[in-house]
Protein chains: 2
Amino acid sequence: MSVQSHPGRPTLEDVAAKAGVSRATASRVLNSSPRVSPEAQEAVTAAVTALGYQPNQAARALVTRRTGAVAVVFSEPEPKIFADPHFAWLIRAAARSLADADVQMVLLLVHSPEDMARARRFLAGGHVDGALVFAPHKGDQLPAAARKLPLPVVYAGRPWGPLRGLHLVDHDNEGGGVLATEHLIALGRKRIGSVTGPLDEHSAVDRLAGWRAATGASDEDVALLTEDGGFSREGGKRAMAALLARVPDLDAVFVASDLMADGALEALRAAGRRVPEDVAVVGFDDHPAIAPHTTPPLTTVRQDTGDQVKHMVTHLLRLLREEPVRARREVLPTALVTRGSA
Amino acid sequence: MSVQSHPGRPTLEDVAAKAGVSRATASRVLNSSPRVSPEAQEAVTAAVTALGYQPNQAARALVTRRTGAVAVVFSEPEPKIFADPHFAWLIRAAARSLADADVQMVLLLVHSPEDMARARRFLAGGHVDGALVFAPHKGDQLPAAARKLPLPVVYAGRPWGPLRGLHLVDHDNEGGGVLATEHLIALGRKRIGSVTGPLDEHSAVDRLAGWRAATGASDEDVALLTEDGGFSREGGKRAMAALLARVPDLDAVFVASDLMADGALEALRAAGRRVPEDVAVVGFDDHPAIAPHTTPPLTTVRQDTGDQVKHMVTHLLRLLREEPVRARREVLPTALVTRGSA
DNA sequence: GGCGGCCGTGAAAGCGCTCTCACCAGGGGC
DNA sequence: GCCCCTGGTGAGAGCGCTTTCACGGCCGCC
């Protein structure tokens, strides 16, 4: 004989009745409030399992003003999201970190102005408690729009525009660039070029800055020795070919992403240059699906993307709980991983 | 002077007050109920914009018993989700289709038994109105678990286990396999092999069945002329190499995915075979990031993944609205796309 | 002119939960 | 012996919305 007199999912009322306590006490047990007697605790727990009770999220959200969901927003032109395995990686890392924290992940992919409007509406609509935003490109409207929202946001990397008040988790891209380039210098290389990412992304700018700091390159050097590879495999190939044509005596290159480095290696093969004998190559990312599998295996700068996302999630959860955060901006270290290419 | 006397987001009450109507009428306008006078309509709309009103989802969900969210579940071993661009494509297609329908997408990635338990709990928890499930592997517990839930679910492709009562959108994989193989036969090829996907996926089994139907292969032929490439680039390369070693006079091969075909082409190059002169190759997927860019460009069987996901979403939404669905199972057509490889 | 019907509207119930507040024991301090 | 405090509990308000129900006014019909 069931305590429920009505159909459908059991409510807290049903649980309370079955446990012989009030709804308030049942609620206290569910939210593990300290002031509940062991007996009540046990009775309620038993009733919950017996009834297969699941709290109604909507009702809970209505009173707590918490949805238990977080948006993960990628603002990136369409093709990128397919071609670059980095994104799959980021999405997966976010899914895992958020699942571990028992918050649900609502994925927003922003490709067009309409998508932007929709995302803005969505974020303003109170569907989520906070957001993780990946919007690296210069001119992206999202960060500006997001900061008007009364919604905690943590950025991946440094977005463009004023940083004041923003929370972000970045990697030490410049430091990584220095690491890569100094490694090449230590190998005795003299003509060191760089295939850069698109310079409308801070990460690309910073990695280039690292190369420049280590080489002490002049403006003319930069124009001569660097080429934008757009963070794509094809772009890396094209940029490498261009660099070789312009600087035939190039003996090393710092390529600002593993995906581009894979393309660059192809271009070097096509040009008949041996790696690392003729040209040493250092990548960036230490992407597990790329760096160990290139020919030769790629020496690269390791950045732990999973770790970055984990930090972002931790940071956001702290903001949601209104706990003090150590710093608004976290910068994670990078490290050199030596393999065959340099 | 604001009508609101309290801080925070405006409520429907505020809108109603500002528009000079009751909360009920304001609600009717928001839900575009037919029986509202034009004046009331206008007044409410004006008040909404003036106040920047956004309905509280939780409150709405509480009474309508609708969350406005749908889960998208991928049950797939971990490495796959990185390496295969197909997934990024699926995720993007789902994001777009769901966004168009104004429902939010909650992404669930299931890699481990713990993930499974969590996903099950989540789906049972009433967080979402329905689910799109991608769980192609034999032995996956998810479909069995999901069918116990009082939750509309639409599957991508044919899951294993009893199909009774399941809603799914599949591609005509067998028909595609026939198409590919008959094309090779029409080219006059005599020794036609196949690199298959993992045979714990129905799509792989069906594509192989298509090849078999077209070639009329015996069981011994199957053992000799086919090799599992695991739907990965590396696997395709390895399987192709094995096939070449076993059947030196092979003059054509149907490779059951573009990613594997890319690997197979590499293996053929390494073995010094010309494509299509010595060995003709037909892939499967017509993946836009792969098929047009292989060397030579890949002749392949087109399946429109975006379309599949769109059908899944439409089907699910129909289920959610409790509208009649034409059929529980939809099978989308495939078509041959001729490029350079065959 | 009277009446039924329909249209637009508002009052109010209630969705399932959390949390404040009040209450009641019981124990310890004076 | 009285009071205060503390730990456990329950009654009930209220979160913001949808939706039922009842009501008043207007039209058209006989």
Side-chain angles (χ1 to χ4, degrees), chain A residues 3-45 47-48 51-69 124-127 129 321, chain B residues 3-45 47-48 51-69 124-127 129 321:
Chain A
V3 182
Q4 291 181 255
S5 59
H6 56 91
R9 280 173 57 171
T11 72
L12 192 54
E13 191 73 59
D14 300 321
V15 172
K18 179 147 193 140
V21 298
S22 74
R23 213 171 57 231
T25 299
S27 172
R28 277 188 269 260
V29 172
L30 283 163
N31 297 287
S32 45
S33 149
R35 6 197 91 208
V36 189
S37 68
E39 305 87 67
Q41 171 111 355
E42 200 168 329
V44 171
T45 314
V48 165
L51 266 48
Y53 170 75
Q54 293 273 8
N56 180 317
Q57 281 306 314
R60 182 173 272 181
L62 182 56
V63 40
T64 60
R65 290 147 180 299
R66 276 285 150 73
T67 66
H127 300 258
D129 300 333
R321 286 192 300 258
Chain B
V3 181
Q4 290 181 254
S5 58
H6 56 90
R9 281 173 54 171
T11 73
L12 192 54
E13 191 74 58
D14 299 322
V15 172
K18 180 148 191 137
V21 298
S22 74
R23 212 169 58 229
T25 300
S27 172
R28 278 187 267 261
V29 171
L30 282 164
N31 296 286
S32 46
S33 149
R35 5 197 94 211
V36 189
S37 68
E39 305 86 69
Q41 171 112 353
E42 200 169 327
V44 171
T45 314
V48 164
L51 266 54
Y53 170 74
Q54 293 274 5
N56 179 317
Q57 281 305 314
R60 182 174 271 181
L62 182 56
V63 43
T64 59
R65 293 150 176 297
R66 275 287 152 72
T67 66
H127 300 258
D129 300 333
R321 285 191 301 258

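In this text, all values refer to a predicted model and were calculated from it rather than measured experimentally.
- At D:dG16, none of the side-chain N or O atoms of B:Thr11 fall inside 4.0 Å of OP1 or OP2 (strictly under the cut-off).
- Phosphate proximity of D:dT18 to B:Asn31: present, with a side-chain N or O under 4.0 Å from OP1 or OP2.
- In this structure, B:Leu30 and B:Arg60 approach most closely via the heavy-atom pair CB-NH2, 4.4 Å.
- Taking only side-chain nitrogens and oxygens, B:Thr25 comes nearer than 4.0 Å to OP1 or OP2 of C:dG10.
- You'll find that the side chain of B:Thr64 is closest to D:dT18, out of D:dG10, D:dT18, C:dT9.
- B:Val15 is not listed as a side-chain neighbour of B:Lys18, based on a closest heavy-atom distance of 4.5 Å or more.
- Nucleic acid contact for B:Arg28: base, since at least one base atom lies under 4.0 Å from a heavy atom of the residue.
- Candidate nucleotides C:dT9, C:dC17, D:dC17 were compared by shortest atom distance to the side chain of A:Asn56, and C:dC17 ranks first.
- Nearest nucleotide to the B:Leu12 side chain, out of C:dA12, D:dG10, D:dC17: D:dC17.
- One finds no side-chain N or O of B:Arg23 lying less than 4.0 angstrom from the OP1 or OP2 phosphate oxygen of C:dA12.
- Mapping A:Leu62 and A:Pro38 onto DNA chain D via the closest heavy atom, the residue that lands nearer the 5' end is A:Pro38.
- Looking at heavy-atom distances under 4.0 Å, B:Ser27 makes contact with a base.
- From one end of the helix from C:dG1-D:dC30 to C:dC30-D:dG1 to the other, with five pairs defining each end axis, the axis direction shifts by 50° (rounded to 10°).
- The phosphate of C:dG8 (OP1 or OP2) has no side-chain N or O of B:Arg35 nearer than 4.0 angstrom.
- Contact annotation for B:Ala61: no contact, since no heavy-atom pair falls under 4.0 Å across all strands.
- Checking D:dG10, C:dG10, C:dC15 against the side-chain heavy atoms of B:Val63 singles out C:dC15 as nearest.
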